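None of the values given here were measured: they were computed from a predicted structure. The sequence lines fix the lettering, A, B, ..., with proteins before strands; numbering per chain opens at 1.
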2 protein chains.
Amino acid sequence: MKKGKATIHDIADKLNITASTVSRALNDNPRISESTKKQVIKMAKQLNYQPNHIASALRSGKSKLIGVVVPTVNRNFFSSIIRGVEEIANGLGYRVIISQSYEDYEKEVETIEALLNARVDGIFASIGKNTSNFEHFQKVLDKNIPLILFDRFTNELEVSQIVIDDYQAAYQVTKHLITQGCSRIVHFTSAKKISIYKDRLRGYEDALRDHNLPIDPLLIEESNMQLEDGRICTENLLKKAVQFDAIFSSSDYAAMGALQVLKEKGFKIPQEVKIAGFGNEPFTSFTDPPITTVDQKAIPMGRVTAETFFATLNNEKTDETQQKTVLKPELIIRQSTQNK
Amino acid sequence: MKKGKATIHDIADKLNITASTVSRALNDNPRISESTKKQVIKMAKQLNYQPNHIASALRSGKSKLIGVVVPTVNRNFFSSIIRGVEEIANGLGYRVIISQSYEDYEKEVETIEALLNARVDGIFASIGKNTSNFEHFQKVLDKNIPLILFDRFTNELEVSQIVIDDYQAAYQVTKHLITQGCSRIVHFTSAKKISIYKDRLRGYEDALRDHNLPIDPLLIEESNMQLEDGRICTENLLKKAVQFDAIFSSSDYAAMGALQVLKEKGFKIPQEVKIAGFGNEPFTSFTDPPITTVDQKAIPMGRVTAETFFATLNNEKTDETQQKTVLKPELIIRQSTQNK
DNA sequence: ATAGTTTATGCTATCGTTTGCGCAATATAT
DNA sequence: ATATATTGCGCAAACGATAGCATAAACTAT
C-alpha cells in the first residue's frame with residue numbers, strides 16, 4: 001500500500017504476532033521456530049519490506065559503517081586500499097564511508113568529527129603529511145571506537161598498524177642496483193619526518209654499507225617527490241656535475257621526472273643510468289623503458305586492515321592488543337635497471 | 001562522566017531546559033534566543049557532546065548519506081568522480097558511501113539493496129557493463145529516492161544523467177588526425193552496445209564522411225579494449241596487411257597496447273602511425289611518445305552529479321524534472337599524433 | 001486597558017528496531 | 001505424578017533526536 005513503507009510491525013500485524021518476534025525471526029534468532037521464521041520471511045517479501053539499518057543502528061549501537069580516511073581517493077595506492085577494505089567489509093555486511101583529508105590537517109580533523117557523528121563502528125586512516133597533532137585520533141580511541149592506521153602511521157597513538165616493510169624494500173632495491181653494477185646511487189627522499197621515507201633512506205644506506213660503498217650526502221636529494229621535483233633534482237645533479245650511475249627514488253613520480261630529464265639530455269637508460277622508483281604506480285609499466293619499482297601491496301593492505309578490525313571486534317577481551325602488521329613489499333624489476 | 005555519552009538530554013538537564021530546546025538551539029532554530037543558544041553550545045562543549053546522526057536520521061528521515069556505485073574504485077576515472085562528488089557533498093554535510101559493482105550484475109543488485117537498507121538520501125551510479133535489467137534501479141526510483149546516472153547510463157530509466165559528449169570528442173579526435181594528414185584511420189571500439197562506444201564510433205564515422213574519406217569496415221576493430229586487446233587488434237591489422245596511418249582507440253589502454261606493438265615492430269610513432277586514445281588515463285602523459293587523448297572531466301562530472309542532486313533536493317516541486325547534462329570533453333593533443 | 005502578536009520554551013509522540021524479562025505451554029527428569 | 005527445563009513468543013522500555021502543538025510571558029496596537 002504505502003510506498004515501500006512496510007516495517008516489522010506491518011509484518012507482525014499480518015501474521016498476528018509481535019514485532020519482537022518478527023525482529024528475531026529476521027535475525028535468525030534460535031528462540032524462534034522454523035515455521036514462524038518461514039512465514040515471516042515470506043510475508044516480508046510479500047510486503048516488500050526493506051530493513052531500516054538506521055533504526056537498527058540506533059537501537060543496537062552498531063551502525064555497520066566503517067570510515068576510511070585517506071589523503072585523496074584518486075590515487076591508485078589509496079583507491080586500491082579502499083578496494084581491499086571493501087572486499088572484506090561488504091562481505092560481512094559493513095559499508096564503507098570514504099573521507100578525504102587532502103593532506104590538510106583541518107580537513108582531517110573535520111573528517112574524523114563527521115565520521116564520529118555518523119557513528120561509524122571503526123575508522124581506518126592514513127595520516128596526512130602535515131599532521132603532527134593527534135588529538136583527533138586520540139578522541140576516537142577515547143570513545144572506544146577501533147582505530148587502525150595503514151601505511152602512514154605514528155607511534156604516538158596506541159593502535160594497530162598495517163604497513164609494508166619500507167626498509168626492506170629500499171634495501172632490496174639498492175642491493176639490486178648494486179648487483180647490476182652501480183656504485184654511485186642517487187637517492188630521492190622526502191624532507192618530511194614521515195617514517196616511511198626515513199625507513200627507505202635507512203634501507204638505502206644500509207645496503208650501501210653492507211656492500212662497502214660510501215654514503216655520499218651529495219647523492220641524496222630531498223624534495224616533495226612529485227614529478228616536477230624529480231626533474232629539478234636531476235637537473236641539479238647534472239648542473240653540479242655529480243657523478244652517478246643510478247637513481248633510486250622513493251616515489252615513482254620523481255623517478256619519472258628523472259627519467260624524462262635524463263632522456264632529454266641524451267642519456268641512455270638503463271645503459272648509462274639506471275632508475276628505480278617506489279610505489280608501482282600504474283604508469284611505471286608503460287614508460288620507455290618501464291621503471292623498476294616496489295609494489296606496496298595496496299589491495300592486500302586494505303584487506304588486512306579490515307581483517308584486523310574484524311578480528312578485534314570478535315575478541316572483545318583483547319581489544320587492547322595493538323598489533324603491527326608488516327606486509328612484504330614486492331620488488332618489480334623492469335628494464336630501467338637491467339643490463340641488456 | 002560516562003565516556004563520551006552525553007546526549008541533548010544531559011545538556012538540557014544541566015541547563016534546566018528541555019531537550020527540544022537544546023535540539024533547536026544546536027540547529028540554530030530562530031525561535032531560540034541567542035543567550036540560550038550560547039549556553040547550550042557552551043555546555044555541549046563542556047560535556048563533550050557528540051551529535052548522533054543516527055538518531056537524527058531516524059527521526060528526521062534524512063540520513064545525509066549518499067551512495068555512489070561504480071564498477072571499481074581503483075580506476076582513475078571513477079576515483080576522480082568520487083573525489084568530485086565528495087568535494088560538493090562534504091561541504092553540505094553529507095557523507096559518501098562507496099560501493100563497487102565489479103562489473104557484476106549480481107553485485108550491483110546487492111549493492112543497491114544495501115544502500116537502500118542504509119537509507120541513503122540519494123544514489124549516484126555508473127551502470128555495470130553487463131547490466132541489462134534495470135529493476136534494481138527502478139526500485140530505487142519507486143521508493144522515491146533520487147537516482148542520478150553518470151557516464152554509463154541507460155534510457156530505460158527516467159533519471160537525470162551526467163555524461164560527456166562522446167560523439168563530439170570522437171569527432172574532434174578524428175578530425176585532428178585527418179588534419180595531421182591521416183586518411184586511413186583505424187578505430188578500436190567495444191563490442192558492447194554501451195552508448196558511449198556507439199557515440200564515439202558515430203563521431204569517428206561522421207568526421208570521416210565530412211572530410212570525404214571512406215568508412216572502411218576493415219579499419220574498425222572490436223574488442224574489450226584492455227591493453228592486451230589493443231595489442232591483439234594491432235597484430236591482427238598487421239597480419240592482415242591492412243594499410244593504416246593512424247589508430248584512434250576508444251580506450252587509452254588499448255591505445256597503449258597498439259603503441260607497444262607498433263614500437264616493437266619498428267614503426268616510428270608518430271611519423272609512420274599516429275595514435276590517439278580516450279580517457280586521459282594518467283599514464284598517457286608518461287609514455288614515449290605521450291599519447292593524444294580525450295579528458296573525460298571526471299572531477300567536474302562528480303561535482304555536477306552532486307550538484308544536480310542537491311538542486312533537485314531543494315526544488316521538491318520539480319523532482320520529476322529529469323535532466324541530462326552533457327559535459328564538454330577536452331582533446332589533449334600530445335606527441336603521438338603530431339607532425340614534428 | 002484590553003485584545004492580539006510575537007517570542008521563547010515546554011510537552012509529548014514518534015522514527016523502526018532491539019532486547020531483557022516474563023510467562024505460558026510443552027518436554028524431560030525423578 | 002510432581003518438579004524442573006526448555007521452547008516460543010509477547011510486553012514494554014529503550015536508543016537519541018525532532019517537530020507539531022500548546023503555553024506563558026512580554027510586547028504592540030488601538
Checklist entry - Hey, is B:Arg303 close enough to B:Glu86 for a salt bridge, meaning N to O under 4.0 Å? => result no

Next on the checklist: Just the rounded figure in Å: distance from P of C:dC11 to CD1 of B:Ile8.
Outcome noted: 14 Å

Checklist entry - Are any of B:Ser33's side-chain N or O atoms less than 4.0 Å away from OP1 or OP2 of C:dA8? => result no

Checklist entry - Would you call B:Asp121 and B:Lys64 a salt bridge, using N to O less than 4.0 angstrom? => result no

Item to check | Separation of D:dA17 C1' from B:His9 NE2 (nearest whole Å) | outcome: 8 Å

Next on the checklist: Is the distance from the ring center of B:Phe124 to that of B:Phe150 below 6.0 Å?
Outcome noted: no

Next on the checklist: So, does B:Thr36 get its side chain near the phosphate of C:dA8, meaning an N or O under 4.0 Å from OP1 or OP2?
Outcome noted: no

Next on the checklist: Using a 4.0 Å heavy-atom cut-off, does A:Ile54 contact any base of the nucleic acid, only the sugar-phosphate backbone, or nothing at all?
Outcome noted: nothing

Next on the checklist: If you take the centroid of each ring, where Trp contributes its six-membered ring, are B:His9 and B:Tyr49 closer together than 6.0 Å?
Outcome noted: no

Next on the checklist: Which nucleotide wins on minimum distance to the side chain of B:Arg24, given the candidates C:dT17, C:dC11, D:dA17?
Outcome noted: C:dC11

Checklist entry - Is the distance from OP1 or OP2 of C:dT18 to the nearest side-chain N or O of A:Ser56 less than 4.0 Å? => result yes

Next on the checklist: Mind checking if B:Leu26 touches a base, just sugar-phosphate, or nothing, with heavy atoms under 4.0 Å?
Outcome noted: nothing

Checklist entry - Once you round it to whole Å, what is the distance between P of C:dG16 and NZ of B:Lys62? => result 13 Å

Checklist entry - Contact class for A:Asn29 (heavy atom, under 4.0 Å): base, sugar-phosphate, or nothing? => result nothing

Next on the checklist: Quick check on DNA chain D: between A:Glu34 and A:Ser20, whose nearest nucleotide comes earlier from the 5' end?
Outcome noted: A:Glu34

Next on the checklist: If you only use heavy atoms from C-beta on, which nucleotide in C:dT17, C:dC11, D:dA12 is closest to the side chain of B:Thr18?
Outcome noted: C:dC11

Checklist entry - Of all the nucleotides listed (C:dT18, C:dT9, D:dA17), which has the minimum atom distance to the side chain of B:Thr7? => result D:dA17

Next on the checklist: Measure CG/A:Leu15 against C1'/D:dG8 and give the value in whole Å, please.
Outcome noted: 15 Å

Checklist outcome for this item: To the nearest angstrom, the CZ-C1' distance between A:Arg59 and C:dG16 comes to 11 Å

Next on the checklist: For a quick check of understanding: with a heavy-atom distance under 4.0 Å over all strands, which category does B:His53 fall into, base, sugar-phosphate or nothing?
Outcome noted: nothing

Checklist entry - Among D:dA17, C:dT18, C:dG16, which is the nearest nucleotide to the side chain of A:Ser60? => result C:dT18

Checklist entry - Expressed in angstrom and rounded to an integer, what is the separation of A:Ile11 atom CD1 from C:dG16 atom P? => result 13 Å

Checklist entry - Which nucleotide in the set D:dG8, C:dG16, C:dA8 lies at the smallest distance from any side-chain heavy atom of A:Arg31? => result D:dG8

Next on the checklist: Side-chain N or O of B:Asn27 versus OP1/OP2 of D:dT18: is the shortest distance under 4.0 Å?
Outcome noted: yes

Item to check | Whole-Å distance separating the CG atom of A:Asn52 from the P atom of D:dG16 | outcome: 17 Å

Item to check | Whole-Å distance separating the NZ atom of A:Lys38 from the C1' atom of D:dG8 | outcome: 16 Å

Item to check | A:Lys139 bridged to A:Glu135 by N-O distance under 4.0 Å | outcome: no

Item to check | Result of checking A:Glu103, A:His136, A:Arg152, A:Glu108 against A:Thr131 for side-chain hydrogen bond (donor to acceptor under 3.5 Å, both in side chains) | outcome: A:Glu108

